[in-house]
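In what follows, chains are A, B, ... by sequence order, proteins preceding strands, each numbered from 1.
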Protein chains: 2
Amino acid sequence: MDEDDVGTVDVPEATVARLPQYLRALSVLAEAGLRTVSSEALAEAVGVGSAKLRKDLSHLGSYGTRGVGYDVTGLHRQIADRLGQATPWNVVIVGIGNLGHALAGYGGFADRGFRVVGLFDDGPQVVGEVVGGVRVRPLSELDRVVHPGETIGVLAVPAEHAQDVCDRLVAAGVRSVLNFAPAVLRVPDGVDVRKVDLASELQILAFHAQRRGVRGNVPARVPSLGPVTERVGEVV
Amino acid sequence: MDEDDVGTVDVPEATVARLPQYLRALSVLAEAGLRTVSSEALAEAVGVGSAKLRKDLSHLGSYGTRGVGYDVTGLHRQIADRLGQATPWNVVIVGIGNLGHALAGYGGFADRGFRVVGLFDDGPQVVGEVVGGVRVRPLSELDRVVHPGETIGVLAVPAEHAQDVCDRLVAAGVRSVLNFAPAVLRVPDGVDVRKVDLASELQILAFHAQRRGVRGNVPARVPSLGPVTERVGEVV
DNA sequence: TAGATTGTTAATCGATTAACAATC
DNA sequence: TAGATTGTTAATCGATTAACAATC
């Protein structure tokens with residue numbers, strides 16, 4: 001495959017979802033000074049099987065070297081290119097409440113190719129506040145910050161406002177939305193929405209815990225630093 | 001299937017991940033006063049196909065009524081039971097930085113069957129602070145709050161501390177972990193870990209955006225509230 | 001050449017989907 | 001009975017996995 005062919009061939013969705021994990025592991029290995037890495041070792045670092053890793057990389061048209069492994073920085077650059085991280089993506093966050101605040105101040109985005117360029121909220125007590133060096137603006141100013149098609153919108157508003165705010169983001173030219181509101185968003189074709197539902201994640205854990213039957217009966221042997229009877233389980 | 005058989009039969013993982021969405025939609029419908037709902041209507045509310053919804057519910061052994069639909073409150077209770085929400089789950093949050101703070105103050109957990117019973121951090125400037133009515137404690141007090149097997153641990157610490165803190169949670173009896181740190185956790189059998197990686201979510205969106213080819217070329221027609229030339233795209 | 005490790009093949013597994021018989 | 005809608009079947013699709021020939 002050609003270097004210029006980036007993005008031409010279809011990559012399975014399950015593979016795409018793992019690319020960020022590979023990228024991160026490669027960053028760590030590169031920082032540790034490693035030059036090459038085998039599929040076995042990289043897979044171990046990411047917590048997947050080596051066959052799956054090789055299959056994933058084969059979709060990128062990535063070439064390792066048989067008998068040797070993958071060039072750490074080379075593979076890192078290849079994946080980073082695929083994720084469009086040659087230049088950083090602009091991100092706007094709408095809804096500067098509890099969660100929006102945290103996301104605005106989260107250092108982990110900059111490290112991974114994203115730049116928070118706008119914060120938006122219509123609450124009069126929030127507008128004007130500066131979070132992480134960025135001033136909070138009213139939503140009416142969305143157009144001034146969003147580069148159509150080049151800006152990712154993060155939605156951290158209450159569920160009841162999510163659709164409305166999403167519509168405004170799309171109108172401003174946002175084509176990629178990360179939705180933290182527990183609401184289903186309708187968007188036109190060509191707009192990509194991903195949803196992160198924090199409570200759902202807990203509910204899924206709860207389902208499995210319930211299924212393991214830990215509820216109600218005393219768990220068999222739990223590694224513990226002290227006798228069980230000492231635990232008071234108070235709720236602060 | 002028996003009412004008592006809850007949790008006996010295997011539910012596919014993909015189905016489990018959708019149960020929280022169904023539950024939420026049913027809450028909304030119940031609040032709107034709806035008595036029954038068809039698979040078509042419920043599926044529409046959740047944004048999935050009706051065949052998938054019926055298949056999912058069939059795994060629960062749930063019985064709707066042919067020709068009529070599903071009883072809204074009945075189905076709600078059934079799913080809530082499966083998620084173990086007859087009684088609330090206890091949650092502890094470790095790492096009261098930016099994100100941990102937001103999670104501790106997030107109202108959306110209580111509504112959905114979870115109770116934040118402990119906040120932990122070893123930073124001397126954070127310990128003792130009260131967030132959302134709960135006092136931040138040092139990690140050494142984990143044992144006092146965790147009910148072995150009945151408490152879900154939320155990890156909001158930096159990646160480099162994630163494994164260590166996770167080990168301490170497990171030692172205290174936590175069997176379900178929600179990990180926000182971009183790190184791979186090793187846990188013993190019987191411990192369930194889910195990972196939420198915020199930067200990854202953005203990277204996946206970026207991959208698709210890049211693939212759509214929005215980068216570099218002006219997008220065709222973007223619905224907009226004003227002329228494109230007016231956008232200055234400043235970075236605050 | 002001998003040893004190591006990739007990239008690919010083929011088998012398997014799980015999830016989705018459409019269609020429809022069962023039945024309210 | 002006629003109309004509506006479930007629960008299930010069977011076909012299809014996509015993802016995972018193990019094995020191994022290719023090749024460094």
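- Between the C1' atom of D:dG7 and the CZ atom of B:R66 lies a distance of 5 Å, rounded to the nearest Å.
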Query - Worked verdict on B:Y22 versus B:V48 for side-chain contact (heavy atoms from CB on, under 4.5 Å) - result: CA-CA 10 Å; B:Y22 299 149; B:V48 301; 4.1 Å; yes

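- Between B:Y63 and C:dA22 there is no side-chain polar atom (N or O) within less than 4.0 angstrom of OP1 or OP2.
- A:S176 and B:H208 share no donor-acceptor pair across their side chains, judged by distance under 3.5 Å alone.
- Rounded to whole angstrom, the span from the CD atom of A:E44 across to the P atom of C:dT5 amounts to 15 Å.
- Comment: B:D197 does not engage A:R24 in a salt bridge, judged by the lack of any side-chain N to carboxylate O separation of less than 4.0 angstrom.
- Contacts with DNA chain C (heavy atom under 4.0 Å) in residues 26-41 of chain A: A:S38, A:S39, listed by number.
- In terms of heavy-atom proximity, A:A86 sits nearest to A:D81 at CB-OD1, 4.2 Å.
- Taking each heavy atom of B:W89 and B:G84 in turn, the nearest pair found is NE1-O, 2.9 Å.
- A donor-acceptor contact under 3.5 angstrom links the side chains of B:S200 and A:R112, judged on distance only.
- Of all heavy-atom pairs between B:S50 and B:E40, the closest is OG-OE1, 3.4 Å.
- Following rounding to the nearest Å, B:D71 (CG) and C:dC24 (P) show an atom-to-atom distance of 16 Å.
- Residue A:Y70 places at least one side-chain N or O closer than 4.0 Å to OP1 or OP2 of C:dG7.
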Report task. Dot-bracket for DNA chain C, please, read 5' to 3', with Watson-Crick or G-U wobble pairs under 3.5 Å on both distances, ( ) within the strand, [ ] crossing, | other strand, . unpaired. Result -> ..||||||||||||||||||||||

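- Protein atom CG of A:L57 is 11 Å distant from nucleotide atom P of C:dT8, rounded to whole Å.
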Query raised in the report: When every nucleotide of nucleotides 12-20 of chain D is labelled 5' to 3' by its protein contacts under 4.0 Å (heavy atoms), B for base, S for sugar-phosphate only, - for none, what sequence of letters results?
Result: ---SSBBB-

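- There is no side-chain donor-acceptor pair under 3.5 Å between A:Q163 and A:R186.
- The shortest non-hydrogen separation linking B:A156 to B:F180 is CA-CB, 4.5 Å.
- Computed from coordinates, the A:L75 CG to C:dT6 C1' distance equals 13 Å when rounded to whole Å.
- With 3.5 Å as the limit, one finds no donor-acceptor pair spanning the side chains of A:Q210 and B:R82.
- In this structure, A:G153 and A:V174 approach most closely via the heavy-atom pair N-CG1, 3.6 Å.
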